[in-house]
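Quick notes on the structure that follows.
By convention in this document, chain letters (A, B, ...) are assigned in the order of the sequence lines, proteins followed by strands, and residues within each chain are numbered from 1. Since this is a predicted model, take the numbers as computed values, not measurements.
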2 protein chains.
Amino acid sequence: MNQSDRSARVRLVDVARAAGVSKTTVSDALNGTGRLPAATREHVQRVARSLGYRPNATARLLRAGHTRLIGVAAREHVETPWVYAELAYFVQLVTATTRAALVHGYGVVLLPTTGPGDCWLDMPLDGVFVVDPVEGDPMVGDFLAAGVPVVSDRRALKEVASGTKEAGRWVDFDYGSAARQVLDHLEDAGAERVAVVAAATTACFHQQSVDAYLDWCAERGREPRIAYLQGPGIQNVLDAVEGLIDDADALFTLVEGSPALLLDTIRKFGRSVPDDLLLVCTTEDPTALYTDPPVSTLSYLPDETAQAAVALLVDSIEGRAGDHGRLFSADFQIRASSVAPGRGPARRTAASPLTPG
Amino acid sequence: MNQSDRSARVRLVDVARAAGVSKTTVSDALNGTGRLPAATREHVQRVARSLGYRPNATARLLRAGHTRLIGVAAREHVETPWVYAELAYFVQLVTATTRAALVHGYGVVLLPTTGPGDCWLDMPLDGVFVVDPVEGDPMVGDFLAAGVPVVSDRRALKEVASGTKEAGRWVDFDYGSAARQVLDHLEDAGAERVAVVAAATTACFHQQSVDAYLDWCAERGREPRIAYLQGPGIQNVLDAVEGLIDDADALFTLVEGSPALLLDTIRKFGRSVPDDLLLVCTTEDPTALYTDPPVSTLSYLPDETAQAAVALLVDSIEGRAGDHGRLFSADFQIRASSVAPGRGPARRTAASPLTPG
DNA sequence: TTGAAAGCGCTACCAC
DNA sequence: GTGGTAGCGCTTTCAA
């Protein structure tokens with residue numbers, strides 16, 4: 001009853017009939033294949049156009065054996081679907097993934113992070129990029145078991161029973177050393193009470209970063225000062241900052257928040273950056289460059305990551321060998337917000353040690 | 001040669017053979033259709049699982065005659081693909097579209113805004129939502145001609161030769177009156193030299209907003225003060241503000257920019273909001289609420305728009321009659337940034353006239 | 001040069 | 001209850 005246009009839709013065979021040729025000839029004429037006289041080809045093309053013929057995409061995909069579609073899912077906040085899209089990191093990652101996929105001739109499907117069981121398997125995907133899987137994330141296993149190539153992080157791949165033929169490839173960061181790099185920098189800049197704002201999630205990034213922080217504190221016999229956000233949203237971030245700020249001389253945020261707004265808030269509490277509070281934000285928000293003072297940032301390179309992920313995925317899909325994975329180093333940009341002015345330049349160079357040159 | 005896993009992939013017929021039943025029985029057992037004894041059903045399911053069988057999504061889609069996939073394209077910056085994703089408006093729109101689509105059982109494909117000819121027609125889509133089409137946008141016409149249901153804005157639909165059977169449905173705003181509402185408010189608040197920051201694009205929103213501004217100025221015999229951004233990026237916005245600010249007592253931005261950063265920049269130029277410069281931003285950035293002062297915003301309701309668009313699209317796809325379109329009113333939230341403190345409350349009520357209640 | 005026919009993998013109709 | 005078989009719309013091999 002519905003799908004009323006089904007009958008109205010002109011098919012290959014309709015064109016063939018109208019042009020007085022066979023389906024083969026139409027297909028060849030339209031796809032530039034076969035060896036047809038130019039006259040036939042043009043005639044068929046004219047008829048096809050006049051009928052408004054459009055090949056059915058699904059049918060060609062079935063025939064072709066692939067869909068040229070890859071899925072992308074950001075899993076960090078599985079329980080609150082899609083709020084993560086408000087975070088600049090994921091937005092840039094998805095954006096860059098789309099751009100990279102296009103270059104390789106693939107389209108991108110936004111995967112639901114929730115839904116009935118393994119509904120994601122119903123989508124006609126050639127491969128998937130699972131970003132920030134949570135602990136024991138079922139999505140990675142589901143796709144791998146279904147024989148769909150996956151790119152994700154190493155932990156997620158390791159968790160999956162390695163019996164599957166396709167092991168999955170990975171894109172990863174050493175989150176722990178990135179965090180230590182920031183913490184060391186803050187210590188060098190004179191901070192003694194570094195506070196951290198983290199999210200309550202089992203995504204690799206947060207777990208490893210927090211672990212690194214706790215270890216770092218333990219090594220120094222310092223008491224950790226950490227606030228776990230219970231959900232996304234600006235108010236949560238500002239509240240967390242408020243709770244930590246009185247007893248801290250440096251703030252390292254693992255969650256995204258507008259740098260300009262963060263500075264405003266800190267100012268409102270009577271503190272001043274960098275004079276009596278150093279600030280480093282994990283963020284992709286480009287406004288960090290333009291604030292007063294400019295804010296030091298730790299970036300997890302969404303563009304580079306996405307490009308590598310897509311390249312890896314496409315290799316996997318198209319049966320090329322290629323690398324098993326790519327390990328990246330986070331990009332730490334030191335700006336005025338984390339350099340105490342009275343103390344002169346920090347002992348470490350301002351250039352990121354992990355990304356020399 | 002590639003697609004090496006093709007042969008490895010277990011198909012329905014493999015399961016049937018292994019279970020010693022027919023394809024039909026397997027299909028019925030796995031899909032819960034038909035009337036099979038529980039024993040058979042379970043046996044088949046067990047065999048299927050042990051073989052790691054996964055139905056081929058493309059094949060079921062071909063059979064079903066639909067793909068449960070809708071495309072979404074944001075066309076405002078066709079020439080610079082995907083930079084628009086950095087804008088909160090599009091991000092929220094795509095996010096909300098994805099969420100709404102999921103509710104209706106559809107997945108979302110991010111459409112390339114560029115690429116060889118009508119490459120978008122190769123994707124197996126049931127329908128598309130074309131956001132902010134540019135003037136004479138080919139994408140809308142392509143899809144309509146191909147018989148793919150489209151939701152876009154009224155202008156885009158009107159531009160297409162109306163000979164097609166499916167006319168397309170629309171979601172729209174009266175951009176002109178929204179702009180006038182803001183301008184009138186600024187005038188009421190005492191502004192005499194309202195400057196506008198716009199983008200150089202032929203998207204309906206910008207064209208109509210700018211036209212409304214020019215008309216509004218002409219009616220008052222005022223000289224328009226307007227800056228057209230030549231591209232996205234923060235620096236462009238800040239430069240535009242710098243160019244306008246000296247000769248303005250109110251600023252109305254049509255392009256997105258971090259409210260907090262905008263305030264900082266204005267402060268840097270020695271101006272103060274709202275004391276000697278009123279500010280209204282067209283933005284979805286929720287930080288506008290938390291700045292000091294909070295910034296007045298004009299919102300084009302991405303969530304509501306997306307929900308309506310998806311509902312309209314799904315109606316169209318599934319052959320239901322439903323509405324032809326939905327006209328929305330922008331949401332103007334007046335906050336401290338556009339209320340001159342010395343002059344007392346503005347003459348107009350602070351509640352948005354367009355969204356009473 | 002052209003066309004008939006065999007599928008791609010699945011679901012559903014309809015006999016058995 | 002179960003299983004042939006037709007067919008979704010296309011491409012491609014192969015025979016004419």
Side-chain angles (χ1 to χ4, degrees), chain A residues 2-3 5-44 47-48 51-68 121-126 146-148, chain B residues 3 5-44 48 51-68 121-126 146-148:
Chain A
N2 61 9
Q3 234 71 10
D5 51 341
R6 172 102 63 93
S7 49
R9 190 79 181 255
V10 327
R11 298 152 310 170
L12 186 68
V13 63
D14 299 319
V15 179
R17 248 193 293 273
V21 296
S22 78
K23 295 198 308 174
T24 311
T25 307
V26 177
S27 181
D28 284 343
L30 265 29
N31 295 325
T33 52
R35 255 169 306 286
L36 302 179
T40 313
R41 204 171 287 261
E42 278 171 30
H43 173 231
V44 171
V47 172
L51 258 50
Y53 168 72
R54 289 292 157 175
N56 177 302
T58 311
R60 354 175 53 165
L61 296 183
L62 176 60
R63 191 74 243 288
H66 59 243
T67 63
R68 294 280 116 104
L121 287 174
D122 291 340
M123 324 204 114
L125 268 21
D126 279 351
V148 177
Chain B
Q3 236 69 12
D5 51 342
R6 172 102 64 93
S7 50
R9 190 77 182 257
V10 326
R11 298 151 311 171
L12 186 69
V13 63
D14 298 320
V15 178
R17 249 194 292 275
V21 296
S22 78
K23 294 199 307 175
T24 309
T25 306
V26 177
S27 180
D28 284 342
L30 263 31
N31 294 325
T33 51
R35 255 169 305 287
L36 302 179
T40 312
R41 203 171 288 262
E42 278 171 30
H43 173 233
V44 171
L51 259 51
Y53 169 71
R54 289 291 157 175
N56 177 303
T58 311
R60 355 175 52 167
L61 296 184
L62 175 60
R63 188 78 241 297
H66 59 242
T67 62
R68 294 279 117 104
L121 287 175
D122 291 340
M123 321 203 118
L125 303 175
D126 281 351
V148 178

Practice prompt. Any chance you could measure A/Arg11, atom CZ, to A/Lys23, atom NZ, to the nearest 0.5 Å?
Written response: 9.5 Å
Practice prompt. Mind calculating the distance between CG (B/Leu36) and P (D/dG3) to the nearest angstrom?
Written response: 9 Å
Item to complete: May I ask you to evaluate whether B/Tyr53 reaches the phosphate of C/dG9, defined as a side-chain N or O under 4.0 Å from OP1 or OP2?
Response: no
Item to complete: Identify the heavy atoms of B/Leu51 and B/Asp14 that sit nearest to each other, and give their distance.
Response: CD2-O, 4.2 Å
Worksheet item: B/Arg9 CZ to C/dC8 P: how many Å, rounded?
Response: 15 Å
Fill in: A/Asp28 CG - D/dC10 C1' separation (whole Å)
12 Å
Discussion item. Nearest whole Å is fine: how far is C/dG3 C1' from A/Arg17 CZ?
Written reply: 15 Å
Item to complete: State which of D/dC10, D/dG3, D/dT2 makes the closest approach to the side chain of B/Thr24.
Response: D/dG3
Worksheet entry | Euclidean distance, atom CG of residue B/Asp14 to atom C1' of C/dG9 [Å, nearest integer] | 11 Å
Worksheet item: Rounded to the nearest Å, what distance is computed from the NZ atom of residue A/Lys23 to the P atom of nucleotide C/dA6?
Response: 12 Å
Worksheet item: Can you find a side-chain donor-acceptor pair between A/Ser22 and A/Thr25 that sits under 3.5 Å?
Response: yes
Worksheet, complete the sentence: Out of D/dG9, C/dT1, D/dG4, minimum distance to the side chain of A/Pro37 belongs to C/dT1
Worksheet item: Between B/Arg35 and D/dG1, is there a side-chain N or O to OP1/OP2 distance below 4.0 Å?
Response: no
Discussion item. Exactly one of B/Val15, B/Val21, B/Val13 should register a side chain to side chain contact (heavy atoms under 4.5 Å, CB included) with B/Arg17. Which one does?
Written reply: B/Val13
Worksheet entry | Phosphate OP1/OP2 of D/dT2 contacted by B/Thr40 side-chain N/O (<4.0 Å) | yes
Practice prompt. Give B/Asn31 one of three labels, base, sugar-phosphate or nothing, depending on what nucleic acid heavy atoms sit under 4.0 Å from its own.
Written response: sugar-phosphate
Item to complete: Quick one: label A/Leu62 by what it contacts on the DNA or RNA (base, sugar-phosphate, nothing), any heavy atom closer than 4.0 Å.
Response: base
Practice prompt. Send over the distance from A/Arg63 CZ to C/dG9 P, rounded to a whole Å.
Written response: 10 Å
Practice prompt. Give the rounded distance in Å between these two atoms: CG of A/Leu61 and P of C/dC10.
Written response: 15 Å
Worksheet entry | Phosphate OP1/OP2 of C/dG3 contacted by A/Thr25 side-chain N/O (<4.0 Å) | yes
Worksheet item: Considering only side-chain heavy atoms of B/Arg60, which listed nucleotide, D/dT11, C/dT11, D/dG9, is closest?
Response: C/dT11
Fill in: Distance test, side-chain N/O of B/Ser22 to OP1/OP2 of D/dG4, below 4.0 Å
no
Worksheet entry | 4.5 Å side-chain heavy-atom contact, A/Asp122 and B/Arg60 | yes
